[in-house]
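One structure below.
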Amino acid sequence: MSLFPLAIFVSLLLKQVSLALGDVGTAVSYGTPYIPTACDGNRRDQFPPGNLFVAVNEGLWDNGAACGRRYRIRCVSGNNKPCKSGSIDVKVVDFCPRSPCSNTMLMSNDAFAAISRLSAAKINIEFTQI
């Protein structure tokens, strides 16, 4: 037996395990105005290409150390089967403005639309810092 197929299998298995070890939470979308943010104020260059960014709750905020962190997120469930397949990578640019925040993440409209078929939904997500 060749080691090449075994290496591919192990690589695929580790990729699945890494997603399974992610944290879980909830997310909703939020729209403009996106600025000012708690991370970089009015700087427009803080937003990543495709506008795939989030605001995070108190548990992830880490007294502002979360600014610039990147997470891989996938939708896992919600009412009316909102989830699209696949995952996206997002950047933290803000702190959830409501205290206490009722969701783990507030996702930009573009980020939310990339993983959910429904724009006005609350979804359950799995996320991993990358």
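If you're wondering where the values come from, they're calculated on a predicted model, not measured in any experiment.
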* Taking C-beta and beyond as the side chain, do Lys84 and Cys75 meet within less than 4.5 Å on heavy atoms? -> no
* Asked: Hey, what do you get for OH (Tyr71) to CG (Asp89), rounding to the nearest 0.5 Å?
  -> 12.5 Å
* For the pair Asn57 (side chain) and Leu60 (backbone), establish whether a donor and an acceptor sit closer than 3.5 Å, ignoring hydrogens and angles. => yes
* Flag if over 12 foreign heavy atoms under 6.0 Å of CG, Asn42 -> yes
* Within the side chain of Glu126, is there an N or O that forms a donor-acceptor pair under 3.5 Å with the backbone of Val76? -> no
* Which heavy atom of Pro82 sits nearest a heavy atom of Ile123, and at what distance? -> CG-CG2, 3.7 Å
* Asked: Under 3.5 Å, is there a donor-acceptor pair between the side chain of Gln46 and the main chain of Gly41?
  -> yes
* **Heavy-atom side-chain contact between Asn51 and Tyr34 under 4.5 Å** => no
* Single-linkage hydrophobic cluster Ile125~Val54, side-chain heavy atoms < 4.5 angstrom -> yes
* Asked: For Ile115 and Arg74, what are the C-alpha separation, side-chain angles and deciding distance, and is it a side-chain contact (heavy atoms from CB on, under 4.5 Å)?
  -> CA-CA 7 Å; Ile115 62 171; Arg74 73 180 183 99; 5.7 Å; no
* Hydrophobic cluster identity match, Leu106 and Val92, side-chain contacts under 4.5 Å -> no
* Asked: For Cys83, does its backbone N or O pair with a side-chain atom of Arg117 as donor and acceptor, under 3.5 Å?
  -> yes
* Tell me, please, which residues at least two apart from Arg70 pass side chain to side chain contact (heavy atoms under 4.5 Å, CB included). => Pro48, Lys91, Ile130
* Nearest 0.5 Å please: distance from the SG atom of Cys39 over to the CZ atom of Arg69. => 10.0 Å
* To do: With rounding to the nearest 0.5 Å, note down the distance linking CD1 in Ile35 to CG in Asp94.
  => 11.0 Å
* To do: Nearest 0.5 Å please: distance from the CZ atom of Phe127 over to the CG atom of Asp23.
  => 4.5 Å
* Please confirm whether Phe112 and Tyr30 have ring centers closer than 6.0 angstrom. => no
* Flag, side chain of Thr104 to backbone of Thr26, donor-acceptor distance under 3.5 Å -> yes
* Asked: What are the two closest non-hydrogen atoms of Ser102 and Lys122, and how far apart are they?
  -> O-NZ, 3.7 Å
* Phe53 and Phe47 aromatic ring geometry - parallel, tilted or perpendicular at 30°/60° bounds -> tilted
* **Ala111: side chain to side chain contact (heavy atoms under 4.5 Å, CB included) partners, not counting sequence neighbours** => Leu52, Ile88, Val90, Met107, Ser108
* Structure fact -> In short, Ser119 meets Ser29 closest at the heavy-atom pair O-OG, 3.1 Å
* Tell me whether Trp61 is reachable from Val93 by hopping between hydrophobic residues (I, L, V, M, F, W, Y) whose side-chain heavy atoms are closer than 4.5 Å. => no
* Asked: Between Ser77 and Asn124, does any side-chain donor sit less than 3.5 Å from a side-chain acceptor?
  -> yes
